[in-house]
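First up is the structure itself, then whatever we jot down about it.
Keep in mind that the numbers below use all heavy atoms, side chains included, and drop hydrogens, waters and symmetry copies. Numbered from 1 within each chain, the chains take letters A, B, ... in sequence-line order.
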Amino acid sequence: MNYFLLKTEPTDYSIDDLRRDKKTSWGGVRNFQARNIVRDEIKKGDFCIIYHSSCVIPAAVGLGEIVKAPYPDLMQFDSSSKYFDPTSKKDDPRWFAVEVKFKEKFLAPLPLEKMRTIKELSDMRLLARGNRLSFMSLSKMHFEIIKKLSS
DNA sequence: GCCAACGTTGGC
DNA sequence: GCCAACGTTGGC
């Protein structure tokens, strides 16, 4: 069992959207480092913290479960999609997605500002300088702390 | 809206 | 393969 943190902009797709949809194809990752995490590390049954970025209060807002292993992100082949990638080939897809199921919306979302004050979270990737990954792995300890502080 | 930080692209 | 220019992310 592994743990991850998934970023999303709430104006684009929020935890409420995920709760409404029950589950969703989580794609649109167009960064090679994040792509490698999606393609090579995430497995069915893994848990993920959902994080809202680029908003008034950036925060960990909920919990999801990976219910389908990585598969090619179909948006890369869709010329009408903003995630269209003309250089990606169907027999050698460049970008991947996973299916995420809604598990929980945190009663007390944990703001980024608060996370920075918690010693046990200080080595978390999310808090690193210039961090820009939309998918990142999370240690079990970090996962447990975030969950405990926001439930 | 600003800007620091980082990734990607492309000329050489 | 270097590196300048450019684009994007994301907190503030």
Side-chain angles (χ1 to χ4, degrees), chain A residues 2-21 24-42 46-66 70-100 102-139 141-151:
Chain A
N2 287 304
Y3 303 91
F4 297 88
L5 184 140
L6 274 52
K7 275 187 202 172
T8 182
E9 299 187 19
T11 52
D12 203 37
Y13 194 82
S14 72
I15 187 71
D16 291 318
D17 294 326
L18 183 60
R19 181 167 59 179
R20 179 199 62 212
D21 296 342
T24 192
S25 176
W26 201 285
V29 173
R30 293 295 180 269
N31 166 287
F32 286 105
Q33 251 183 293
R35 187 282 306 269
N36 292 345
I37 294 172
V38 177
R39 188 188 58 185
D40 307 332
E41 294 184 31
I42 299 192
D46 287 345
F47 281 108
C48 50
I49 298 284
I50 309 294
Y51 174 85
H52 280 176
S53 67
S54 293
C55 55
V56 177
I57 304 174
V61 293
L63 192 60
E65 182 185 346
I66 307 300
Y71 51 90
D73 181 351
L74 292 178
M75 293 186 287
Q76 70 193 304
F77 304 123
D78 176 1
S79 59
S80 68
S81 169
K82 70 168 176 169
Y83 295 112
F84 178 57
D85 182 351
T87 66
S88 183
K89 303 189 188 75
K90 284 209 170 170
D91 56 0
D92 184 20
R94 177 173 288 177
W95 309 111
F96 293 80
V98 288
E99 189 111 335
V100 177
F102 174 81
K103 291 294 280 185
E104 182 182 338
K105 181 181 176 180
F106 292 148
L107 291 172
L110 186 62
L112 178 66
E113 193 181 18
K114 183 82 184 297
M115 287 192 249
R116 290 195 191 283
T117 68
I118 297 163
K119 188 177 279 182
E120 292 81 1
L121 296 180
S122 62
D123 57 342
M124 192 165 59
R125 187 78 194 263
L126 180 69
L127 305 183
R129 209 164 56 112
N131 149 72
R132 290 168 52 179
L133 286 179
S134 54
F135 270 71
M136 61 187 95
S137 61
L138 215 53
S139 72
M141 184 188 78
H142 291 156
F143 175 83
E144 300 288 355
I145 291 170
I146 292 171
K147 191 169 183 303
K148 186 176 169 204
L149 292 175
S150 31
S151 300

Mind calculating the distance between [atom1] ([X]) and [atom2] ([N]) to the nearest angstrom?
X: A/Asp12; N: C/dT8; atom1: CG; atom2: P; result: 15 Å
X: A/Glu9; N: C/dG10; atom1: CD; atom2: C1'; result: 8 Å
X: A/Gln33; N: B/dG7; atom1: CD; atom2: C1'; result: 9 Å
X: A/Glu113; N: C/dC12; atom1: CD; atom2: P; result: 7 Å
X: A/Asp85; N: C/dT8; atom1: CG; atom2: P; result: 14 Å
X: A/Leu133; N: C/dT8; atom1: CG; atom2: P; result: 17 Å
X: A/Leu126; N: B/dA5; atom1: CG; atom2: C1'; result: 15 Å
X: A/Asn131; N: C/dG10; atom1: CG; atom2: C1'; result: 9 Å

Report summary line: The residue among A/Leu6, A/Val61, A/Thr8, A/Leu112 that forms side-chain contact (heavy atoms from CB on, under 4.5 Å) with A/Tyr51 is A/Leu112
Query raised in the report: According to a strict under-4.0 Å criterion, is A/Tyr51 in side-chain N/O contact with OP1 or OP2 of C/dT9?
Result: no
Query raised in the report: Is the phosphate of B/dA5, meaning OP1 or OP2, less than 4.0 Å from a side-chain N or O of A/Arg132?
Result: no
**Report entry** A/Arg30/A/Asp73 ion pair, N-O < 4.0 Å
**Finding:** yes
Query raised in the report: Without hydrogens or angle criteria, can the side chains of A/Ser25 and A/Glu99 be said to hold a donor-acceptor pair below 3.5 Å?
Result: no
